[in-house]
Amino acid sequence: MGNNSHITLDVEFDDNRLLPLLFGERDQYLLKIENNLGVLIKARGNQLIITGESGGVVAAQNVLNRLYERLKKGFVVSTAEVDTALRMSVASGVNLESQVQESFEVIIPTRRRVISPRTPGQTNYIHALQRNDLVFAIGPAGTGKTYLAVATAVSALLAGQIQRIILSRPAVEAGERLGFLPGDLKEKVDPYLRPLYDALYDMLPSEQVNKRLTSGEIEIAPLAFMRGRTLSKAYIILDEAQNTTISQMKMFLTRMGEDSRMVITGDLSQIDLPPGNISGLKDSIEKLNNINGIAINYFNENDVVRHPLVSKIVRAYDK
């Protein structure tokens, strides 16, 4: 982080009422910043004294200022927001302030929460979702590929920009085929589609999700159900797309109708197709990577926003 001389910096905040929210319960956010950036932070009234190597001290000041600005705007600060600011301090160095500021200003409003990106990669992804009718999101588990797409779809539905949301997944994963599973069709496919339900319930009150599912305003269906349809004025998301065949992917892409937007997410390191089958996701990004209006967004382990161990696990498997 540039010059590594030892310095002390005073940071002052004008609203004492916000400081307990900034510091966290039992000062847990300050401790997290100290441990991550190798600095010492002491509180005196409405003032914080930060001591350490200059790069860490400046990064800590930027992190604290951005979190404080967020509180002043009425947004919450939780462990996730602190992790966001710290992650960006590692990723972007001197550009931390502008990048964290941008991530907190890029927001997706839903009924249950306001969602904002937690990494520079997620910020770029949300911009791509807002600017393109067809977006591919490729990367490891835990990077928010599907969650942010569902959030953007819900926000567009609430704003009246689209009339319905269609969420889909291929239903052949981990060597299981639907015919061999017990129960009726809904019972067979629901376990595959559960992550999509979970995302919806995180963004809308449960009674609204159920009402919209019943009315068809939100539809969650296996990929096989998409054949022969034209999907207009819809936000269409295909999850786990690495498990499509080439013909399935072509079929899905050509469902896109007037005033529709489409997002295709997948992890090319988790292909569960039978041996000898080429992933439709891999094939499509090779064919479509130079078409105007199509964005291809790649995530890596630095974008993993689950438990800190998840990014280390992803990195170990990549090696």
Side-chain angles (χ1 to χ4, degrees), residues 121 124-125 128-129 132-150 152-153 164-181 185 188-197 199 219-232 234-258 260-300 303 314 317-318:
N124 294 336
Y125 179 44
L129 292 172
N132 297 275
D133 288 339
L134 176 56
V135 178
F136 287 85
I138 295 146
T143 50
K145 304 182 299 292
T146 305
Y147 189 84
L148 292 173
V150 174
T152 306
R164 55 187 172 149
I165 297 172
I166 295 162
L167 308 172
S168 187
R169 269 185 159 198
V172 179
E173 293 172 322
E176 294 179 329
R177 294 182 182 273
L178 292 178
F180 295 106
L181 297 175
L185 186 62
K188 287 174 192 280
V189 300
D190 269 4
Y192 293 105
L193 305 172
R194 178 50 51 192
L196 301 174
Y197 286 104
E219 180 184 347
I220 303 180
L223 178 60
F225 283 34
M226 298 297 117
R227 194 170 296 280
R229 301 174 63 185
T230 301
L231 307 172
S232 302
Y235 208 112
I236 312 146
I237 300 171
L238 176 61
D239 191 32
E240 299 288 344
Q242 74 275 6
N243 290 325
T244 59
T245 63
I246 293 174
S247 62
Q248 283 176 326
M249 178 61 81
K250 183 184 176 186
M251 176 275 289
F252 185 80
L253 289 168
T254 52
R255 298 311 93 201
M256 195 173 184
E258 193 178 349
S260 282
R261 290 153 78 183
M262 190 175 271
V263 185
I264 293 163
T265 73
D267 178 358
L268 290 172
S269 72
Q270 298 277 348
I271 297 170
D272 297 317
L273 290 168
N277 281 272
I278 296 170
S279 166
L281 177 61
K282 186 173 186 295
D283 177 72
S284 63
I285 58 175
E286 288 168 2
K287 286 187 168 91
L288 306 177
N289 66 350
N290 289 318
I291 296 178
N292 197 26
I294 298 176
I296 300 176
N297 208 90
Y298 290 93
F299 292 98
N300 59 38
D303 296 302
V314 169
Y317 271 91
D318 283 348

Shortest non-hydrogen contact from [X] to [Y]?
X: Thr254; Y: Met251; answer: OG1-O, 3.0 Å
X: Ala234; Y: Ile166; answer: CB-CD1, 4.2 Å
X: Arg164; Y: Leu231; answer: NH2-CA, 3.9 Å
X: Val263; Y: Ala149; answer: CG1-CB, 3.8 Å
X: Asn132; Y: Ala295; answer: ND2-CB, 3.5 Å
X: Ser279; Y: Leu273; answer: CA-CD1, 3.7 Å

Would you say the side-chain atoms of [X] pair up with the backbone N or O of [Y], donor to acceptor, closer than 3.5 Å?
X: Tyr147; Y: Ala199; result: no
X: Ser260; Y: Met256; result: no
X: Lys145; Y: Gly139; result: yes
X: Asn124; Y: Gly121; result: no

Interatomic distance, [X] atom [atom1] to [Y] atom [atom2] [nearest 0.5 angstrom]:
X: Lys250; Y: Thr245; atom1: NZ; atom2: OG1; answer: 12.0 Å
X: Asp133; Y: Ile236; atom1: CG; atom2: CD1; answer: 10.0 Å
X: Ile165; Y: Thr152; atom1: CD1; atom2: OG1; answer: 10.0 Å
X: Tyr298; Y: Ile285; atom1: OH; atom2: CD1; answer: 3.5 Å
X: Phe252; Y: Arg229; atom1: CZ; atom2: CZ; answer: 10.0 Å

May I ask you to test the [X]-[Y] pair for a side-chain heavy-atom distance under 4.5 Å?
X: Ile237; Y: Tyr235; result: yes
X: Leu238; Y: Met226; result: no
X: Leu223; Y: Gln248; result: yes
X: Glu240; Y: Pro195; result: no
X: Asn243; Y: Ile271; result: yes
X: Arg169; Y: Leu196; result: yes
X: Phe136; Y: Asn289; result: no
X: Asp239; Y: Leu167; result: no

Count the heavy atoms of every other residue, nucleotide or ligand shown that sit under 6.0 Å from CD of Glu258, and state whether that count exceeds 12.
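It does not: Glu258 CD has 12 such atoms or fewer within range.
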Is it the case that more than 12 heavy atoms not belonging to Ile278 sit under 6.0 Å from its CD1 atom?
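Open: at most 12 neighbouring heavy atoms sit under 6.0 Å from CD1 of Ile278.
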Sole residue of Ile296, Val135, Thr244, Leu253 in side chain to side chain contact (heavy atoms under 4.5 Å, CB included) with Ile264:
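Option passing the side chain to side chain contact (heavy atoms under 4.5 Å, CB included) with Ile264: Leu253.
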What verdict does the side chain to side chain contact (heavy atoms under 4.5 Å, CB included) test give for Leu134 and Ile291, after you've listed the backbone C-alpha separation in whole Å, the side-chain angles of each residue and the deciding distance to 0.1 Å?
CA-CA 10 Å; Leu134 176 56; Ile291 296 178; over 6 Å; no
